[in-house]
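Report on one structure; see the data block that follows.
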Amino acid sequence: DTGVSQNPRHKITKRGQNVTFRCDPISEHNRLYWYRQTLGQGPEFLTYFQNEAQLEKSRLLSDRFSAERPKGSFSTLEIQRTEQGDSAMYLCASSLDGRYNEQFFGPGTRLTVL
Amino acid sequence: QKEVEQNSGPLSVPEGAIASLNCTYSDRGSQSFFWYRQYSGKSPELIMSIYSNGDKEDGRFTAQLNKASQYVSLLIRDSQPSDSATYLCAVNDYKLSFGAGTTVTVRA
C-alpha cells in the first residue's frame with residue numbers, strides 16, 4: 001500500500017502527558033499537511049510543509065502543538081501537556097506541489113485524553 | 001460567516017434516486033474545489049475535484065461549479081447503500097477549508 005500512513009492509530013493518554021504522532025506521506029509527494037477533526041465537524045487545518053520547510057504554522061492551536069519534518073519525508077506532530085480538549089482525530093494528508101494540489105489523507109490518529 | 005457552508009443534513013434518499021449536495025464558499029479567489037467522502041470512524045477519501053465552471057462527471061458522481069455564484073455541488077446518481085456516508089466540501093487555497101459535511105443515508 002503506497003498511501004499515506006499514520007501511527008499510532010489510537011492513543012489514549014492522561015491529561016498533562018506529551019504525545020507524538022507520526023505521518024509517512026505518499027513517497028513522491030513533497031507537501032505534507034496536518035489537520036484536526038472533532039465530532040460533527042470538517043477537518044481543521046493546523047500546519048503544512050513543503051519538503052522540510054514549515055510554510056504555515058499560525059493555525060497550530062497553541063504553543064503546546066509543534067510539528068517537524070526534518071528530512072522532508074515523514075513528519076511528527078507533538079502535543080505537550082495534553083488537555084481533554086485535545087481529544088480529536090488528527091489527520092495527515094500529502095500532495096504534490098502545484099496549483100491544484102489534490103490532498104490525500106491517511107487513516108488518522110484518534111487521541112483520547114483522560 | 002463561515003468560509004465553507006454545506007446544506008444541513010441529514011439527507012435520506014431511496015436506493016436508485018439522485019442525492020444532491022450543495023456547498024457555498026466565501027473566498028471569490030478560490031480556484032480548486034474537492035469533494036471528500038467520509039465513512040463513520042474513517043478518514044476523508046477524495047472522490048471528485050473540479051477547477052473550471054461547469055460540470056465534471058465521474059461514474060455516478062457529477063460535480064458542478066459556478067464561480068460567479070461561489071457555489072459547488074455534487075450529484076450522486078443511482079444512489080446505493082454503500083454511498084451512505086458524510087460528504088465534505090473542501091475549498092483549496094494551499095490548505096483545505098472544509099464545510100461541516102452533509103450526512104447521506106441511502107434507504108434500501
Side-chain angles (χ1 to χ4, degrees), chain A residues 1 3-7 9-10 21 23-26 29-51 53-60 67 88-112, chain B residues 2-11 21-27 29-53 56 58 61 63 65 67 72 74 85-104:
Chain A
D1 188 342
V4 179
S5 62
Q6 291 186 246
N7 287 288
R9 297 289 303 277
H10 302 274
F21 310 141
C23 172
D24 288 85
I26 294 171
H29 286 183
N30 58 348
R31 287 192 178 182
L32 186 150
Y33 311 79
W34 286 99
Y35 293 83
R36 184 179 84 154
Q37 187 175 25
T38 54
L39 196 63
Q41 300 300 315
E44 173 189 20
F45 171 79
L46 296 178
T47 187
Y48 92 106
F49 296 84
Q50 179 154 320
N51 300 312
Q54 189 173 15
L55 299 186
E56 171 62 68
K57 59 180 180 180
S58 64
R59 301 293 187 97
L60 286 169
M89 174 78 88
Y90 290 84
L91 295 162
C92 175
S94 70
S95 77
L96 293 169
D97 189 6
R99 185 179 180 188
Y100 303 125
N101 49 324
E102 294 180 335
Q103 296 185 27
F104 298 90
F105 284 87
T109 295
R110 181 165 297 282
L111 173 66
T112 302
Chain B
K2 292 184 178 179
E3 293 182 30
V4 181
E5 298 208 38
Q6 296 185 236
N7 52 326
S8 59
L11 179 64
L21 306 171
N22 303 319
C23 173
T24 58
Y25 59 94
S26 60
D27 185 352
S30 298
Q31 295 293 320
S32 58
F33 308 86
F34 304 127
W35 284 98
Y36 287 84
R37 178 176 63 198
Q38 187 171 29
Y39 293 114
S40 180
K42 302 296 185 183
S43 63
E45 174 192 7
L46 180 65
I47 57 171
M48 287 291 285
S49 56
I50 187 165
Y51 312 118
S52 302
N53 282 329
K56 178 182 178 182
D58 184 358
F61 297 104
L65 173 61
K67 291 184 179 179
V72 190
L74 180 72
T86 296
Y87 290 82
L88 296 162
C89 172
V91 177
N92 185 24
D93 174 21
Y94 76 84
K95 67 179 188 341
L96 296 178
S97 296
F98 285 88
T102 301
T103 298
V104 174

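Computed over heavy atoms, backbone and side chain alike; hydrogens, waters and symmetry mates excluded. Convention: sequence-line order gives letters A, B, ...; per-chain numbering from 1.
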In terms of heavy-atom proximity below 4.5 Å to chain B, should A:Gln37 be classed as side chain, backbone, both, or neither?
->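 Contact with chain B is through the side chain of A:Gln37 alone.
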By a 4.5 Å heavy-atom criterion (distance strictly below it), what part of A:Gln50 contacts chain B: side chain, backbone, both, or neither?
->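 Answer is neither: A:Gln50 stays 4.5 Å or more from chain B.
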Residue A:Lys57 excluded, over 12 heavy atoms near NZ under 6.0 Å =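 Open: at most 12 neighbouring heavy atoms sit under 6.0 Å from NZ of A:Lys57.
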For the atom pair NZ (B:Lys95) and OH (A:Tyr33), what is the distance rounded to the nearest 0.5 Å?
->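 Output value for this atom pair is 11.0 Å.
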Rounded distance [0.5 Å steps], OG in B:Ser43 versus CE in A:Met89 =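 It comes to 7.0 Å.
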Specify the closest pair of heavy atoms between A:Pro43 and B:Leu88, including all atoms of both residues, with the distance to one decimal.
->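 Smallest interatomic distance, heavy atoms only, reads CD-CD1, 4.0 Å.
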Residue among B:Gly101, B:Gly41, B:Ser49 with most heavy-atom pairs under 4.5 Å to chain A |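 Among the listed options, the one with the most contacts to chain A is B:Ser49.
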Measuring heavy-atom distances to chain A, does [X] have an atom under 4.5 Å in its side chain, in its backbone, in both, or in neither?
| X | value |
| --- | --- |
| B:Gln38 | side chain |
| B:Leu96 | both |
| B:Phe33 | neither |

Against chain B, work out which of A:Gln6, A:Arg110, A:Glu56 has the most heavy-atom pairs shorter than 4.5 Å and name it.
->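 Greatest number of close heavy-atom pairs with chain B: A:Glu56.
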Classify the ring geometry between A:Tyr100 and B:Tyr51 as parallel (under 30°), tilted (30 to 60°) or perpendicular (over 60°).
->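 Parallel, since the angle between the ring planes stays under 30°.
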Would you check if A:Gln103 and B:Tyr36 make a side-chain contact, meaning some heavy-atom pair closer than 4.5 Å?
->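 Yes, side chains in contact.
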Evaluate side-chain contact (heavy atoms from CB on, under 4.5 Å) for A:Glu102 paired with B:Phe34, printing each intermediate quantity in order.
-> CA-CA 8 Å; A:Glu102 294 180 335; B:Phe34 304 127; 3.8 Å; yes
